[in-house]
Each structure stands twice: as C-alpha cells, then as structure tokens.
Visitor: 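I have a structure I would like to understand better, so I am pasting it below and will then ask my questions one at a time.
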2 protein chains.
Amino acid sequence: MGGKVDLEPILEELDAASALEGLEQANTRLRDTLGIDHIVYHWVDSAGDQYGCTTYPQSWVDRYLAENYHRIDPVILGCFQRFHPVDWKRLDWSGKAAKAFLKDAMEHGVGNQGFSIPIRGPNGQFALFTVNNSCDDETWADFTATYSRDLILIAHYFNRKALEFEANRQPEFSRTLSPREVDAMTLLALGYSRAQVAHSLSISEHTLRVYIESARFKLGALNTTHAIATAMSRGLIVV
Amino acid sequence: MGGKVDLEPILEELDAASALEGLEQANTRLRDTLGIDHIVYHWVDSAGDQYGCTTYPQSWVDRYLAENYHRIDPVILGCFQRFHPVDWKRLDWSGKAAKAFLKDAMEHGVGNQGFSIPIRGPNGQFALFTVNNSCDDETWADFTATYSRDLILIAHYFNRKALEFEANRQPEFSRTLSPREVDAMTLLALGYSRAQVAHSLSISEHTLRVYIESARFKLGALNTTHAIATAMSRGLIVV
DNA sequence: TTTCCACTCCCCAAAAATGGCGAGGAAGGC
DNA sequence: GCCTTCCTCGCCATTTTTGGGGAGTGGAAA
C-alpha cells in the first residue's frame with residue numbers, strides 16, 4: 001500500500017458492467033489493486049431483500065445471515081444514522097453483543113480495520129460499501145486519507161449499477177402517493193388521531209379514511225401502522 | 001469552458017467550512033471556476049423546512065417558494081425516484097404544469113441546460129445539487145461528461161457539511177429500547193396486529209401491551225403509530 | 001443489599017380504527 | 001370525448017386499540 005494507485009480503469013469497468021457478475025469481478029479486481037483484505041458491497045432493500053457482493057469468506061457470510069447479525073452489527077447501526085463515511089474505530093463497540101460480534105468476525109477472517117460508506121437510494125434503499133484490512137492504525141489512516149474520495153465515487157458507481165440491475169428485475173415497483181395522501185400519512189406519523197388529522201386538513205373524517213385506505217392499498221399494507229412504516233422506509237413521507 | 005479545471009481547492013474549501021456561509025462562498029467560487037450560470041444546492045428537511053444555497057436570482061427563489069413549485073418541478077419529481085445524476089433533457093417535461101413551470105423559470109433567468117444530482121441522507125433527508133447554464137446541447141454534453149465525477153463528489157461534500165451543521169442545531173436525544181420492545185415495535189411496523197405479535201413472541205397480549213406502552217413512553221410518542229414512526233426515524237428499528 | 005429495570009401475567013370499560021355499502025364533481029392525459 | 005386519478009362527503013356494525021387499575025419474578029447495577 002505505498003503510493004497512490006490510479007483507480008480510473010476500475011471506475012470505467014464499473015460503469016460498463018452490464019450484469020451483477022461484472023460488479024463481482026470489479027470488486028475482486030479493486031481489492032487486489034488496493035492491496036487490502038476485503039471489500040464488501042451490501043445492499044438492503046425496503047422489502048427486506050439483501051444483495052451482497054463480497055470477498056469475505058462464505059463461512060462468515062453464512063454465519064452473519066444465520067445469526068441475524070445485521071441487528072447488532074455496529075457498522076450497520078452506526079452508518080444507518082450517518083451520512084459520513086466512517087472508520088470502524090469511531091463506531092460504538094462498547095456493548096456486550098457488539099464485542100462478541102467483533103470477536104466472531106475476526107475469527108472468520110475479517111480484518112481489524114474497516115472503513116464504511118453509507119449510500120442511500122430512492123424508496124428507502126440503503127447500501128453499505130466497506131473496505132476491510134488487517135493492519136495497524138497508522139497504515140490504515142494513511143490508506144483512508146489517500147483513497148476516501150475515490151472510495152466515495154466507487155461506492156456511488158457500485159450502487160448505481162446495483163439499482164440499475166434491480167430496476168430491470170422489478171419494474172414499476174413504486175407507486176407514488178397523491179399529495180393529500182402524503183399529508184394524511186405524514187400527520188398520522190406525527191401522532192395525530194384521525195379526528196385531529198381530518199380537522200387539520202379541513203376535511204371530513206370519512207374523506208380522510210378514503211385517503212388512508214387508498215394509501216394502504218397502494219403500499220400493499222395490512223394496516224395504518226404498516227402503511228406508515230412502509231411509506232417511511234420508501235421515503236414517500238418524511239418525519 | 002475549455003480544458004478541465006482543477007477543482008481540488010474547492011473540495012478542500014468545502015471540507016474546511018465551519019458554517020453555512022462557507023458553503024455559500026464555495027458555491028459562488030465554484031460557479032465562477034466552472035464558468036457556468038448557476039449552481040444550486042437545495043435541501044428538503046424532515047419538517048418541510050428548506051435550505052437553499054443558490055446563485056439563482058432572489059426573484060426566482062421567491063416565486064418558486066410562493067408557487068410551491070417543488071410539487072410540479074420535474075427536476076425534483078424525477079430525481080426523487082432516481083439515484084443517477086440526471087441531465088434535465090432526460091426528464092419528463094410533457095405535462096402542462098411542467099411546461100408552464102419551465103417557461104416561468106427561463107423568464108427568471110434560469111438557463112436552459114441543467115444537470116442535477118440527487119443525494120440522500122439519514123431519516124429521509126433529500127437534497128439536490130444542480131448546475132445550470134445557457135448553452136447548446138453539445139457544449140453542455142461536453143461539460144457534464146468532463147465534470148460529472150467531480151460534481152458527484154462536490155455534491156457529496158456539500159451535503160455532508162449541510163448535515164453536519166444541522167446536527168449541531170439539533171443534538172441527539174437517544175434513549176434505547178429494550179430488546180423485547182424492539183421486537184414488538186418491529187413486528188408492529190411489519191403490519192401484524194397485537195394478537196399476532198403476541199403470538200409471534202410467545203407472550204400474552206397484555207405483556208405485549210406493556211412493551212408497547214413502555215416504548216411509547218420512552219419515545220415520547222402519542223400513540224403506537226407515532227412510536228413506530230419515531231423509532232424508525234431514529235434508526236432504533238429497521239424495517 | 002437494596003434498588004433499579006426488564007419481563008411476565010390479568011380484568012374492565014371507553015375510545016379509536018376498520019370494513020363495507022355508496023355517490024358526485026373537477027382536472028388532466030390519450 | 002372518454003377515461004383515469006384525485007378530492008370530497010355520509011352511515012352502521014364490528015374489531016382493535018388504549019387507558020386505568022394491580023402483582024410477582026429474576027438479574028444487574030449501585
């Protein structure tokens with residue numbers, strides 16, 4: 001990891017990729033070019049689907065999924081609240097579960113140093129692009145300082161492609177809510193009762209119900225709470 | 001707009017900014033450096049607040065806000081569904097309202113060419129970074145091809161700073177939920193009724209109520225829906 | 001050791017939400 | 001001109017949620 005390597009060819013390779021396999025090749029090539037242990041692009045959908053493009057050993061991936069580690073992984077939890085790319089050292093590893101998780105990860109070949117970039121797309125899509133390595137703090141600080149900008153761009157391109165392929169697989173996935181429906185759902189999410197919302201919007205409570213039901217239907221939700229949660233995770237309403 | 005200009009100093013200026021004024025200075029400087037008409041960073045807040053850092057004439061900004069143009073602006077509507085940076089030519093300007101909007105914009109000094117980059121942060125934050133100019137299609141295509149990567153990075157830095165300043169204004173209120181409470185809230189957000197959730201968790205419905213009420217109390221929520229929305233926007237539960 | 005907090009269980013009555021029925025006007029796109 | 005979507009309104013019965021009580025266990029922290 002001496003001087004800075006030109007990553008331009010990798011960006012172009014990513015840009016030209018026409019299938020998920022292309023991303024995986026680019027991923028491996030990038031790892032080798034940077035001379036680090038692992039790179040993982042991890043994608044979580046609002047529907048709960050996951051797509052991972054990783055150089056981690058399969059045993060770790062399996063274990064991660066089996067243990068539902070995404071619920072305690074400080075990288076996920078921390079990045080979900082931030083916009084900044086973040087060094088793993090700055091995350092909160094104080095909890096008991098977090099420590100056990102870290103130990104387990106190390107034993108499965110995950111390096112001690114990590115740098116993760118959160119990325120968000122439409123409809124509540126959330127992805128993480130992570131570089132991982134085994135080395136001392138100083139070496140790692142040099143590495144991240146040198147490449148952080150390139151990594152942001154690469155993460156962006158990665159996600160762009162992943163979304164592109166996903167859009168091909170699931171066309172017409174998102175139906176938007178009408179302005180009135182958005183108003184209704186937003187006020188409900190803020191804790192107002194139906195009577196209060198109807199009053200706020202200056203409409204009858206029954207009209208309000210029509211909006212709520214219509215939104216529920218569009219979102220494929222089972223009840224109002226579900227509709228709110230769905231609308232929020234798809235980014236249709238903001239609270 | 002001949003050869004490519006080095007934008008490194010602008011990135012550093014952005015990185016070093018410690019207040020919103022810094023962003024505005026960087027904005028103007030970037031516009032002059034690139035030799036284009038306008039640059040606008042536009043941020044839509046959770047509460048519906050808007051922050052704009054723009055070189056557009058004030059008359060246009062006022063008109064945009066007064067007319068609630070964000071509801072029909074094809075740039076906003078188009079970018080809200082995409083991840084890609086997008087050239088304005090590729091957006092849908094077919095609607096009647098859209099055409100009137102475009103005409104109005106031109107009359108207020110907005111250029112005919114535009115390139116917008118959508119950016120998303122935590123809690124449904126959404127921002128747009130746009131460069132705008134008056135020129136022919138070919139010139140503009142050259143410009144965007146040359147600078148698209150730099151613009152993505154600049155947009156990213158812009159948003160990072162804007163979020164940073166916003167975070168300072170609203171410090172964290174973090175109170176965690178107990179594991180059982182998280183389970184309960186998560187299942188409720190997935191649309192299950194209390195009876196179903198209680199069954200899923202193998203506890204009585206009354207016990208479940210205790211969790212829900214406890215979570216409501218901790219989150220300062222007025223009802224269950226509000227609690228779910230609050231927990232989601234604070235990242236305490238993931239759906 | 002005492003004092004928290006998380007977890008578990010129960011009853012009753014009031015308030016809120018949902019399901020199902022139906023109806024009409026206005027605006028914009030093909 | 002037709003068709004779709006959006007916005008608006010009403011009533012009744014049923015189901016679900018909520019608010020008010022109270023009670024006992026175990027573990028972890030102070």
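The sequence lines fix the lettering, A, B, ..., with proteins before strands; numbering per chain opens at 1.
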Visitor: Check the distance between dG21(D)'s C1' and E213(B)'s CD and give it to me in whole angstrom.
Guide: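 Checked: the CD to C1' distance equals 12 Å.
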Visitor: Specify the separation, in whole Å, of atom OH of Y192(B) and atom P of dT17(D).
Guide: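 Taking OH of Y192(B) and P of dT17(D), I get 15 Å after rounding.
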Visitor: Answer yes if the side chains of N132(B) and T130(B) hold a donor-acceptor pair under 3.5 Å, and no otherwise.
Guide: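 No, no side-chain donor-acceptor contact under 3.5 Å.
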Visitor: Among residues 94-104 of chain B, which residues get a heavy atom nearer than 4.0 Å to DNA chain D?
Guide: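 Result for residues 94-104 of chain B: none.
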Visitor: Expressed in angstrom and rounded to an integer, what is the separation of H199(B) atom NE2 from dC9(C) atom C1'?
Guide: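 After rounding, the reported distance stands at 18 Å.
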Visitor: How many whole angstroms separate atom CE of M185(A) from atom P of dC7(D)?
Guide: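 Answer to the nearest Å: 14 Å.
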Visitor: Has the side chain of N223(B) got a donor or acceptor atom that lies under 3.5 Å from a matching backbone atom of G191(A)?
Guide: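 Side chain of N223(B) to backbone of G191(A), a donor-acceptor pair under 3.5 Å: yes, one is there.
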Visitor: Please state how far atom CZ in R216(B) lies from atom P in dT17(D), giving the value in whole angstrom units.
Guide: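 Computing the R216(B):CZ to dT17(D):P distance gives 12 Å.
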Visitor: OP1 or OP2 of dT5(D) sitting under 4.0 Å from any side-chain N/O of S178(A)?
Guide: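 Checking dT5(D) against S178(A), no side-chain N or O comes under 4.0 Å of OP1 or OP2.
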Visitor: Hey, does the side chain of D37(B) reach the backbone of G111(B) with a donor-acceptor pair shorter than 3.5 angstrom?
Guide: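 No, the answer is negative, given that no donor and acceptor are paired below the 3.5 Å cut-off.
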Visitor: How many Å lie between OH on Y211(A) and C1' on dC6(D), as a whole number?
Guide: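 Whole-Å distance recorded here is 7 Å.
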Visitor: Which part of the nucleic acid, if any, lies within reach of T224(B) when heavy atoms closer than 4.0 Å are counted: base, sugar-phosphate only, or nothing?
Guide: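 Here T224(B) touches the backbone only, sparing every base.
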Visitor: Does the plane of the ring in Y147(B) sit parallel, tilted or perpendicular to the ring in F143(B)? Use 30° and 60° as the thresholds.
Guide: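 Geometry flag for F143(B) against Y147(B): tilted rings.
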Visitor: Judged by atom type as modelled, is there a donor-acceptor pair below 3.5 Å linking the side chain of D136(B) to the main-chain atoms of T139(B)?
Guide: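 Yes: the side chain of D136(B) pairs with the backbone of T139(B).
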Visitor: Quick one about S134(B) and Q113(B) (side-chain donor to acceptor, distance below 3.5 Å, no hydrogens or angles considered), yes or no?
Guide: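 S134(B) and Q113(B) do not have a side-chain donor-acceptor pair below 3.5 Å.
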Visitor: Between protein and nucleic acid, restricted to nucleotides 9-16 of chain D and to nitrogen or oxygen atoms under 3.5 Å apart, what atom pairs and distances do you find?
Guide:
residue	atom	partner	partner atom	Å
dC9(D)	OP2	S204(A)	N	2.7
dC9(D)	OP2	T207(A)	OG1	3.0
dG10(D)	N7	H206(A)	ND1	3.4
dG10(D)	N7	H206(A)	NE2	3.1
dG10(D)	O6	H206(A)	NE2	2.4
dC11(D)	N4	H206(A)	ND1	3.0

Visitor: Nearest-Å distance, CD (E181(B)) to P (dT8(C))?
Guide: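 That distance rounds to 11 Å.
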Visitor: Would you please classify the geometry between the F158(B) ring and the F129(B) ring as parallel, tilted or perpendicular, with 30° and 60° separating the classes?
Guide: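 F129(B) and F158(B): tilted rings.
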Visitor: How many whole angstroms separate atom CG of L177(A) from atom C1' of dC6(D)?
Guide: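 Distance, rounded to whole Å: 13 Å.
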Visitor: Can you tell if the side chain of C53(B) reaches within under 4.5 Å of the side chain of H42(B), non-hydrogen atoms only?
Guide: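 Not touching, per the 4.5 Å side-chain cut-off.
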Visitor: Should the pair F101(B) and W93(B) be assigned to parallel (<30°), tilted (30 to 60°) or perpendicular (>60°) ring geometry?
Guide: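 Answer is parallel, since the angle falls under 30°.
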